Amino acid sequence: MKFFIDTANVEAIRKAHERGMVDGVTTNPSLVAKEGRDFRTVVDEIASFVKGPISLEVISEDAEGMLKEARELNGWIDNAAIKIPMTWEGLKAVKVCADEGIQTNVTLVFSPNQAILAAKAGATFVSPFIGRLDDIGQVGMEVIEATAQIYANYGFETEIIVASIRHPIHVYEAALIGADIATIPPDVLEKMVNHPLTDIGIKRFLDDWKKVPKK
Ligand code: E4P
């Protein structure tokens, strides 16, 4: 299972990278806006130490505009994956990117049928948004389960990125399903290491160690 980090915060990515937990990074316009920094500068900084795919999103709504952006963004770094929204225009752009050898990540996917279209267009990655589905009372993880089954049925090579992760249970459920990738916000990654019995166990070992006679 690969871990991508879902943020445009360079320090958070660096921290996760130092812990050996970064196989790639996903950004989106909202995450970039949150940093209040120049996009290109942020991307160059991330790419200086992250060698796995870094998702960079287009903002055009027509295929031609998306392609223009995709080619430009792809020229910035060696490991770009161009994030393209799930629309017919987006799918047209994905197809051309696939033909040109540009990696893509089809974003804003909320149903297995949309995931089929992304795979047929030749997407490198597909990103079903789990948390946003949960938010409206639909079980997001069911989309991951169905998509994984469908891709296996037909041998689609598009990798599934479980996106819009809100808490550690999402990561656990994604892993049980066998999703290729989870893109994890830094605060969720932080929480994954925690268990009260670990803390209690460390304290007990250290307390007992004090009782060991020293020469
Ligand atoms: C994924 O690629 C998106 O950047 C992200 O997971 C969206 O998450 P949100 O629903 O928390 O905004």
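Computed from a predicted structure; not experimentally measured. All ligand and atom numbering here is 1-based and tracks the order in the structure. Just so you know, residue 1 is the first one in the sequence shown, and it goes up from there.
- Pairs engaging residues 101-141 under the ring pair (Phe, Tyr, Trp, His ring centres under 6.0 Å) rule: Phe4-Phe125, Phe110-Phe129 [sequence neighbours left out].
- Among residues two or more places apart in sequence or in another chain, the side-chain hydrogen bond (donor to acceptor under 3.5 Å, both in side chains) test is passed with Thr27 by none.
- Side-chain atoms of Asp134 come within 3.5 Å of backbone N or O of Gly140 as a donor-acceptor pair.
- Residues passing the side-chain hydrogen bond (donor to acceptor under 3.5 Å, both in side chains) test with Asn9, sequence neighbours excluded: Glu35.
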Which protein N or O atoms sit under 3.5 Å from any N or O of ligand 1? Give atom names and distances.
| residue | atom | partner | partner atom | Å |
| --- | --- | --- | --- | --- |
| ligand 1 | 2 (O) | Lys83 | NZ | 2.5 |
| ligand 1 | 4 (O) | Asp6 | OD1 | 2.9 |
| ligand 1 | 4 (O) | Asn28 | ND2 | 2.8 |
| ligand 1 | 4 (O) | Lys83 | NZ | 3.1 |
| ligand 1 | 6 (O) | Asp6 | OD2 | 2.6 |
| ligand 1 | 6 (O) | Ser164 | N | 2.7 |
| ligand 1 | 10 (O) | Arg132 | NE | 2.7 |
| ligand 1 | 10 (O) | Ser164 | OG | 2.6 |
| ligand 1 | 10 (O) | Arg166 | NH1 | 3.2 |
| ligand 1 | 11 (O) | Arg166 | NH1 | 2.8 |
| ligand 1 | 12 (O) | Arg132 | NH2 | 2.7 |

Next item on the list: Assess whether salt bridge (charged side-chain N to carboxylate O under 4.0 Å, His left out) is satisfied between Lys203 and Asp199, documenting all intermediate values.
Entry: CA-CA 6 Å; Lys203 186 174 179 323; Asp199 300 338; over 6 Å; no
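- Note on Ile144: it clusters hydrophobically with Ile150, by side-chain heavy-atom contacts below 4.5 Å among ILVMFWY residues.
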